[in-house]
There are 2 protein chains.
Amino acid sequence: MSQVTLMQIAEKLNISVSTVSKALKDYPDVSDKTKGLVKELAKTLNYQPNAFAVNLRTKESKTIGLIIPAIVHHFFSNVIKGILAQAEKKGYLVIILQSNESYELEKKQINLLLRQRVDGILISIANTTRNFTHLSDVITQGKPLVMFDKIAKILECSKVVIDDRKAAKDATQHLIDTGCKRIAHFRGPLLSQNSIDRFLGYKEALEENNFIYDSSLVYICECGDSSFEEGKFNAKKLLQDHKDVDGVFINTDLVAIGALTAFAEMGIKVPDDISIVGFSNWFMSSVISPSLTTINQPGFEMGKAAFKQLHKELKQRKKSKTVVYEKIILDTALVKRDSTK
Amino acid sequence: MSQVTLMQIAEKLNISVSTVSKALKDYPDVSDKTKGLVKELAKTLNYQPNAFAVNLRTKESKTIGLIIPAIVHHFFSNVIKGILAQAEKKGYLVIILQSNESYELEKKQINLLLRQRVDGILISIANTTRNFTHLSDVITQGKPLVMFDKIAKILECSKVVIDDRKAAKDATQHLIDTGCKRIAHFRGPLLSQNSIDRFLGYKEALEENNFIYDSSLVYICECGDSSFEEGKFNAKKLLQDHKDVDGVFINTDLVAIGALTAFAEMGIKVPDDISIVGFSNWFMSSVISPSLTTINQPGFEMGKAAFKQLHKELKQRKKSKTVVYEKIILDTALVKRDSTK
DNA sequence: GAAAACTACGAAAAGGTTTTCGTAGGTTTG
DNA sequence: CAAACCTACGAAAACCTTTTCGTAGTTTTC
């Protein structure tokens, strides 16, 4: 049961530990004969190098940390899938932590990962994170850090994102193109950078088309666990406040589906009375009725790109090259479905 | 940048490494004065024990492995959430791997985790896994293994499951209770134990109510990435084959939603013409129209219970008590919605 | 006043691997 | 036949922590 070590192999063959180690790693200064003997015995004894010792010696563990605000979330779980797929290819393991959109937890988790001495960290930050010292600490310690989706613009590190502003502009433009004259917006949290950018994209589209921006048409959602209810609630409120609205661009698909449901309950026809565009392209949006026009957010690709960038930096550091931070912007696309004309 | 070690602290204070180590861990044979000095210096230097060295010395890493068939999956992502929540409480980290329902990958991943010397492993096995030696190897190596949801009955280890058979029986009984006379079943893969059990539950309910079991009413789905399409396809086929069916019990919500969509497209009224019961209670099922009657599968609780059991075994081993394997069966519940009368 | 007990610390081994540096013995070169 | 060079291996340091066992010096006990 107890694990076989290099020393045990060395003793059985009457050679030194160093030779065994070198034989297994095909060093040139071991004779083929010895290599053969060592490898054979290693196989029969089912020798597995002790990862703890290797880590200690090499100062790396081929393990990275991933901090994500939520796991039960179509977009984020796709990101994870992308990260895991790429990590597997490169022989890395991934420790996953969920910050629950809490700054305090996020901070604690960063410290946990640093203590664990992971080789690098991938993170999508919590909505509530305002202070970034825990993150700059990572960089100061010389560990690669790559942010994705929910990033801190101020931090100097690589980032993988979509152009939220442009995507939101596209979404709003689509409403305008399909004939909407008065367009509301259900935005996300006031302090979330993504929500801000999407809001700005909405506004920009209006202005470019000579629509008058009306702040009373903008409703706020927390976009947390009760997104669906928030969508319903805001949709009802919207109908009370503004009878003339004929289009809504909504920050997140789940909120949009809530709105869709509320409209159905109140006998409002989508898209005849009101058109809706969501954001993210959750699977659900394609099977709901009417199906939801939305912006496709490439989660799997984002995860893949984030890990690739981290791996690149890991290699650069190993070769003690200067690390080049990159900002990678992935394409979004408008997915036209039945909630718009 | 480079990390502070016990030796550096020892040198600065002109004491030995062992005393520093003991001071930080509040050993009784260090004077309060020395403890004070050590702890203060450790704090100002921001000393963090080298996890690699600690692991090597203590032979444990406070890290467990988790292998799961799919991550982008409402139920499984909830399980992960439960595991992470519980692991966090107990100070454990979790390395997550996705087997993609592939036996080969699963085997490779188990070996990866063993090489990494995680303290224990949680797994929900792939549909294609028939051979369990890679899993019994884990147990032979003296590492705790806990299986959940998709288990191998033959393996001697702790398990956390639901009673698929009973849940399926409840679902079918509900169709009977609401007046269905001829009930079809869309089952999952022939070799998946869960699918088998659900099928048996369906059959049992029929027999207990003196319905005649008709194998032509049972349709098979792979329940992979194209579950939704499978549901649509089978629904259409069902309508062609059997005009008289007025109820369907479906192995998975996503397939059920596909069926729901197909029925809507073909003008079949749910539940008036046909009633449908799904399985899992995906969030989606509550927002779709008509909303789907289904069986609630407690993912979060399952994850929590699985980690708890693993942790219990970890503690038992440490105290070298005999490890007691447990089979934990969590409650399911029928969630009545609008797809049944 | 000697034996026993206690206090506070240190030396050193153990955990297992990786890698540098030596070196003994043999072979090639000029 | 020296000098230079290979070949194949080993010793040992380094990575850093934990923990057992000693021990010098002090205090208590009878």
Side-chain angles (χ1 to χ4, degrees), chain A residues 1-39 41-42 45-63 91 114-119 141-142 318 320, chain B residues 1-39 41-42 45-63 114-119 141-142 318:
Chain A
M1 243 73 331
S2 81
Q3 297 293 328
V4 183
T5 67
L6 290 181
M7 204 173 64
Q8 292 172 23
I9 296 178
E11 277 176 359
K12 290 217 182 190
L13 293 176
N14 259 321
I15 55 177
S16 75
V17 172
S18 23
T19 303
V20 177
S21 173
K22 285 189 280 192
L24 289 172
K25 315 188 97 193
D26 267 329
Y27 272 53
D29 63 343
V30 177
S31 69
D32 288 346
K33 189 181 147 207
T34 310
K35 276 185 190 170
L37 288 171
V38 171
K39 286 182 181 174
L41 186 57
L45 294 182
N46 188 29
Y47 168 76
Q48 302 280 19
N50 182 319
F52 298 158
V54 175
N55 293 349
L56 177 60
R57 181 59 228 239
T58 62
K59 294 166 181 291
E60 60 170 27
S61 56
K62 296 273 182 188
T63 302
L114 288 178
R115 263 208 292 285
Q116 189 68 14
R117 281 178 165 62
V118 291
D119 296 348
Q141 288 210 13
K318 234 177 168 172
S320 52
Chain B
M1 240 77 324
S2 80
Q3 297 293 330
V4 182
T5 66
L6 289 182
M7 205 174 63
Q8 292 171 26
I9 295 179
E11 277 177 0
K12 290 218 183 193
L13 293 176
N14 260 319
I15 55 177
S16 75
V17 172
S18 23
T19 305
V20 177
S21 173
K22 284 188 280 191
L24 288 173
K25 316 188 97 193
D26 268 328
Y27 272 54
D29 64 344
V30 178
S31 69
D32 288 346
K33 191 182 144 205
T34 310
K35 276 184 190 169
L37 287 171
V38 170
K39 285 182 182 173
L41 187 58
L45 294 182
N46 189 28
Y47 169 77
Q48 302 279 19
N50 183 319
F52 299 157
V54 175
N55 293 349
L56 176 60
R57 182 59 228 243
T58 61
K59 293 168 181 291
E60 59 172 23
S61 57
K62 296 273 183 187
T63 303
L114 288 178
R115 262 208 294 284
Q116 190 68 14
R117 283 181 163 59
V118 292
D119 297 347
Q141 287 212 12
K318 233 177 169 174

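Note that this is a predicted model, so its numbers are computed, not measured. Residue numbers begin at 1 in each chain, while the letters A, B, ... track the order of the sequences.
Of the candidate nucleotides C:dT19, D:dT19, D:dC16, D:dC16 has the atom nearest to the side chain of B:Asn50. Side chain of A:Thr34, nearest nucleotide from D:dC9, D:dC16, C:dG10: D:dC9. In this structure, the nucleotide among D:dG10, C:dT17, C:dT19 sitting nearest to the side chain of A:Lys25 is C:dT19. In this structure, of D:dA11, C:dT17, D:dT17, it is C:dT17 that holds the atom nearest to the side chain of A:Thr5. Checking D:dC15, D:dT19, C:dG16 against the side-chain heavy atoms of B:Ser18 singles out D:dT19 as nearest. If you check C:dG15, C:dT19, D:dC9 against the side chain of B:Lys59, the one that comes closest is C:dG15. Considering only the side chain of A:Ser31, D:dC9 comes nearest among D:dC9, D:dT17, C:dC9.
Both A:Pro28 and B:Ser21 sit near DNA chain D, but only A:Pro28 has its closest nucleotide nearer the 5' end. Two residues, B:Leu56 and B:Asp29, neighbour DNA chain D, and the one matched to the more 5' nucleotide by heavy-atom proximity is B:Leu56.
B:Ala42 and B:Leu24 make their closest contact through CB-CD2, 3.9 Å (heavy atoms, listed as atom of the first residue, atom of the second, distance). Listed here is the closest heavy atom pair of B:Val17 and B:Ala10: N-CB, 3.8 Å.
Going from atom CG of A:Asp32 over to atom C1' of D:dA8 covers 11 Å, rounded to whole Å. Rounded to an integer number of Å, the gap from A:Asn14 CG to D:dC9 P is 13 Å. One interatomic measurement links the two molecules: NZ of A:Lys35 to C1' of D:dC9, which rounds to 13 Å at whole-angstrom precision. We find that CD1 of B:Ile15 is positioned 20 Å from P of D:dA24, with the value rounded to whole Å. Across the protein-nucleic acid pair, B:Leu37 atom CG and C:dC9 atom P stand 10 Å apart, rounded to whole Å. Note: CZ (A:Arg115) to C1' (D:dT17) measures 16 Å, nearest angstrom. Here the C1' atom of nucleotide D:dG10 and the CE atom of A:Met7 are 15 Å apart, to the nearest Å. Separating the CD atom of A:Glu60 from the C1' atom of D:dA14 is a distance of 16 Å, rounded to the nearest angstrom.
For A:Thr19 and D:dC9, the shortest distance from a side-chain N or O to OP1 or OP2 is not below 4.0 Å. For D:dC16, the OP1/OP2 oxygens have no side-chain nitrogen or oxygen of B:Tyr47 closer than 4.0 Å.
Below the 3.5 angstrom threshold, one finds a donor paired with an acceptor across the side chain of B:Lys22 and the base of C:dG10.
Inter-residue side-chain proximity for A:Gln141 and B:Gln3 is flagged as met; some heavy-atom pair is nearer than 4.5 Å. Side-chain contact between A:Leu37 and A:Ile15 is absent, with no heavy-atom pair separated by less than 4.5 Å.
Note on A:Lys39 versus A:Asp26: salt bridge recorded, some NZ/NE/NH1/NH2 to OD/OE distance being below 4.0 Å.
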Enumerate, atom names and distances included, each donor-acceptor pair closer than 3.5 Å involving a side-chain atom of residues 45-55 of chain A, sequence neighbours excluded.
| residue | atom | partner | partner atom | Å |
| --- | --- | --- | --- | --- |
| A:Asn50 | OD1 | A:Phe52 | N | 2.8 |
| A:Asn50 | OD1 | A:Ala53 | N | 3.2 |
| A:Asn55 | ND2 | A:Ala51 | O | 3.3 |

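At a threshold of 4.0 angstrom between heavy atoms, the contacts of A:Tyr27 are confined to the sugar-phosphate backbone, with no base atom among them.
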